[in-house]
Amino acid sequence: DEMGLFEGVIANLLRALGLLFCCNQAYYIRLHAVTTFGRVIHEFDPWFNFRATEYLVRNGPKAFFSWYDDQAWYPLGRPVGTTIYPGLQFTAAYLYYFTEALGWNLPLNDVCVFVPAVFG
């Protein structure tokens, strides 16, 4: 029956639009601090993740996994490669390399600021 098919298409279209709207709102809510205060890293954990990503980009994976960060866990320091899950740092580093390959030349700080909004 054509009417039932049409109603099903409309219902699926409305669901898709609703999901798109929710995703759009979630993205902009996640970016509230960025739109209010600019591209600034505000808290300690994101700052450490930025520093770790910066170290990874500058020194490569081998050095990253043997890096002993003397600025974290003061006064003892921290063996970063064995005490974190490096997925966030590698994702941000590869996105940074990808944007460079496209010629966008985004600062690493900006990539790290937008990663939570894109993936969160």
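Starting from 1, each residue takes its place in the sequence as its number. Computation of the quantities below employed the complete heavy-atom set of this structure, encompassing side-chain atoms and omitting hydrogens, waters and symmetry-equivalent molecules.
- Asn24 contributes atom CG, which lies 9.5 Å from atom CD1 of Ile29 (distance to the nearest 0.5 angstrom).
- With rounding to the nearest 0.5 angstrom, the CZ atom of Arg58 is 8.5 Å from the CG atom of Leu108.
- Judged as a ring-ring contact (aromatic ring centres under 6.0 Å, His included), the pairs with a partner in residues 66-88 (not counting sequence neighbours) are, in order, Tyr55-Trp67.
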Acceptor/donor pairs from residues 8-16 side chains to any protein atom, 3.5 angstrom cut, sequence neighbours excluded:
from  : atom 1 : to    : atom 2 : distance (Å)
Asn12 : OD1    : Arg15 : NH1    : 2.8
Asn12 : ND2    : Gly8  : O      : 3.4

For residues 113-120, please give each side-chain donor-acceptor pair under 3.5 Å, one per line with the distance, not counting sequence neighbours.
none

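- Leu102 meets the side chain to side chain contact (heavy atoms under 4.5 Å, CB included) test with Phe98, Trp104; sequence neighbours excluded.
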Next item on the list: Applying side chain to side chain contact (heavy atoms under 4.5 Å, CB included), run through Thr99 and Asn105 and close with a yes or a no.
Entry: CA-CA 6 Å; Thr99 60; Asn105 298 322; over 6 Å; no

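- Remark: Phe65 engages Phe90 in a ring pair (Phe, Tyr, Trp, His ring centres under 6.0 Å) (not counting sequence neighbours).
- Closest of all the heavy-atom pairs between Ala93 and Thr53 is N-CG2, 3.9 Å.
- Contacts classified as salt bridge (charged side-chain N to carboxylate O under 4.0 Å, His left out) and involving residues 99-120 (residues at least two apart or in different chains) are given here: Arg39-Asp110.
- Residue pairs satisfying the salt bridge (charged side-chain N to carboxylate O under 4.0 Å, His left out) criterion with at least one member in residues 59-84, sequence neighbours excluded, are listed as follows: Arg51-Asp69.
- For the ring pair (Phe, Tyr, Trp, His ring centres under 6.0 Å) test, residues two or more places apart in sequence or in another chain that qualify with Trp47 are Phe50.
- The 12-atom threshold is exceeded at CD of Gln25, counting heavy atoms of other residues, nucleotides or ligands nearer than 6.0 Å.
- In the hydrophobic cluster analysis, where Ile, Leu, Val, Met, Phe, Trp and Tyr join through side-chain heavy atoms closer than 4.5 angstrom, Phe48 is grouped apart from Val40.
- The side-chain heavy atoms of Ile84 and Phe64, taken from C-beta on, include a pair separated by under 4.5 Å.
- Grouping Ile, Leu, Val, Met, Phe, Trp and Tyr by side-chain contacts under 4.5 Å, direct or through others, leaves Leu20 on its own.
- Around the OH atom of Tyr94, the shell of radius 6.0 Å holds no more than 12 heavy atoms that belong to other residues, nucleotides or ligands.
- Within the structure, side-chain hydrogen bond (donor to acceptor under 3.5 Å, both in side chains) pairs that include any residue of residues 111-120 do not occur (at least two apart or interchain).
- In this structure, Val57 and Tyr96 have side chains that are in contact, with non-hydrogen atoms separated by less than 4.5 Å.
- From Asn49, atom CG reaches atom SG of Cys112 across 8.0 Å, with rounding to the nearest 0.5 Å.
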